[in-house]
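Quick notes on the structure that follows.
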Amino acid sequence: MAEIFPTTHSTWILTQLERDPDAVRSHVFQRYHDPLCAYARASSLRALGEPAELVNSFLAARLDDHGYLVRWSQSGMPLRRWLANGLLTHARNDALARARRARSGGSVDPAELARMTSAHDTDALLALERAWAVRTVTEAHERVHTELVTEGRAAWWELFRLHGVQGMSYEQACPIAGIAPSNATNVHRSVVTRLRDTLRAILERDGIRPDEIDRELALMQELLQ
């Protein structure tokens, strides 16, 4: 697949589409279901149905199409935005199909439907970005935590959690974590570096070009402040 599309930047997903398409579908669903639901709840799409049902219907339809993610890989667009565009189109087409079947009563006015689905709501895009950032950072934390525990360095994660997440001073956190105060700064810096490297790997896996990763990390930090 990489040989067929040499300009693509989404190597992992394209490679996995050839090897294990079910794994790709599971990956995309797990990573983007909640952000897309947040988008739908914050947009005019909520007038067309329950957000989770809209998202489930959209992902089921699109992820069964092998070419859908191939087309994304050639778009140069972040996957979350590609999926949001697809959800908008899917919701409009689904509403039109339901209206044709009903023929009268209970359907959305075509002009109103066109207005609702012609462009992204600013608030909806912000909700998408925030939910995506939370999901991405959560995944990075889970991965690094698991790695440190496996390496016998659970105390490192505990120090990071107490100091970096909960805001305790090193003087308070070190006795709880079992880390010598003289080593606290180095331990915390090591965990932060590993988290940042893991975030970069996650973003690159999901199709963010290397030269755009720093901008994406800055966006995530802004969204989560």
Side-chain angles (χ1 to χ4, degrees), residues 1-39 59 62-63 66 68-84 86 125 128-161 163-165 185-225:
M1 185 69 74
E3 289 77 11
I4 298 173
F5 300 104
T7 60
T8 186
H9 55 274
S10 50
T11 306
W12 183 87
I13 286 179
L14 286 182
T15 300
Q16 288 300 109
L17 273 175
E18 284 292 295
R19 296 175 179 172
D20 190 354
D22 286 343
V24 174
R25 284 191 285 268
S26 176
H27 164 73
V28 174
F29 188 91
Q30 291 175 9
R31 289 275 285 115
Y32 291 97
H33 180 270
D34 288 351
L36 288 172
C37 285
Y39 170 89
L59 291 176
R62 291 298 177 268
L63 296 183
H66 185 86
Y68 184 70
L69 290 175
V70 173
R71 293 191 294 276
W72 157 71
S73 74
Q74 299 171 303
S75 72
M77 188 180 299
L79 183 51
R80 62 192 186 275
R81 291 298 186 95
W82 174 265
L83 292 172
L125 284 179
L128 172 76
E129 297 287 356
R130 282 177 174 160
W132 162 79
V134 168
R135 183 66 186 84
T136 303
V137 169
T138 298
E139 181 179 347
H141 278 223
E142 290 171 348
R143 287 174 57 176
V144 172
H145 180 209
T146 298
E147 290 171 3
L148 290 173
V149 170
T150 300
E151 295 167 8
R153 293 171 173 167
W156 287 28
W157 180 261
E158 184 68 359
L159 180 70
F160 168 77
R161 185 183 69 82
H163 178 70
V165 179
T185 300
N186 287 336
V187 167
H188 188 266
R189 185 183 300 119
S190 295
V191 177
V192 170
T193 298
R194 189 179 295 205
L195 277 169
R196 190 171 184 86
D197 289 344
T198 300
L199 280 170
R200 296 182 71 89
I202 291 171
L203 293 176
E204 196 164 342
R205 179 197 63 190
D206 279 10
I208 305 300
R209 287 189 291 265
D211 61 346
E212 295 177 342
I213 286 179
D214 285 339
R215 182 180 63 82
E216 292 287 281
L217 290 173
L219 172 63
M220 292 169 64
Q221 184 174 2
E222 180 181 343
L223 289 167
L224 296 176
Q225 282 179 345

Next item on the list: Output all residues satisfying side-chain contact (heavy atoms from CB on, under 4.5 Å) with Arg71, sequence neighbours left out; order by chain, then residue number.
Entry: Asp65, Tyr68, Trp82
Note to self: Taking side-chain contact (heavy atoms from CB on, under 4.5 Å) as the definition, give me every residue that meets it alongside Asp22, ordered by chain and number, with sequence neighbours left out.
What the structure shows: Asp20, Arg25
Check: Which atom pair, heavy atoms only, marks the closest approach of Ala84 to Leu128?
Finding: CB-CD2, 4.0 Å
Check: So which heavy atom on Pro35 is nearest to which on Ala131, and how close?
Finding: CA-CB, 3.6 Å
Check: What pairs of residues pass the ring pair (Phe, Tyr, Trp, His ring centres under 6.0 Å) test when at least one of them lies in residues 205-225, not counting sequence neighbours?
Finding: none
Item checked: Pairwise ring pair (Phe, Tyr, Trp, His ring centres under 6.0 Å) hits with a residue in residues 185-225, at least two apart -> Phe160-His188, His163-His188
Do the side chains of [Y] and [X] get nearer than 4.5 Å, heavy atoms only?
X: Ile213; Y: Leu199; result: no
X: Arg80; Y: Glu129; result: yes
X: Leu195; Y: Val137; result: no
X: Leu79; Y: Leu69; result: yes
X: Glu212; Y: Glu204; result: no
X: Leu83; Y: Arg62; result: no
X: Arg205; Y: Arg31; result: yes
X: Ile13; Y: Ser73; result: no

Counting only pairs under 3.5 Å, give me each side-chain donor-acceptor contact of residues 145-152, with atom names and distances, residues two or more places apart or in other chains.
residue, atom, partner, partner atom, Å
Thr146, OG1, Glu142, O, 2.9
Thr150, OG1, Thr146, O, 2.8
Glu151, OE1, Arg153, NH1, 3.3
Glu151, OE1, Arg194, NH1, 3.2
Glu151, OE1, Arg194, NH2, 3.2
Glu151, OE2, Arg194, NH1, 2.9

Rounded to the nearest 0.5 Å, how far does [atom2] of [Y] lie from [atom1] of [X]?
X: Thr136; Y: Tyr32; atom1: OG1; atom2: OH; result: 6.0 Å
X: Arg200; Y: Asp214; atom1: CZ; atom2: CG; result: 4.5 Å
X: Asp206; Y: Trp72; atom1: CG; atom2: CH2; result: 6.5 Å
X: Ile202; Y: Glu216; atom1: CD1; atom2: CD; result: 13.0 Å

Check: Within the distance-only criterion (no hydrogens, no angle test), does the side chain of Ser26 pair as donor or acceptor with the backbone N or O of Ala23 below 3.5 angstrom?
Finding: no
Could you list the donor-acceptor pairs under 3.5 angstrom formed by side chains in residues 218-225, with sequence neighbours left out?
none

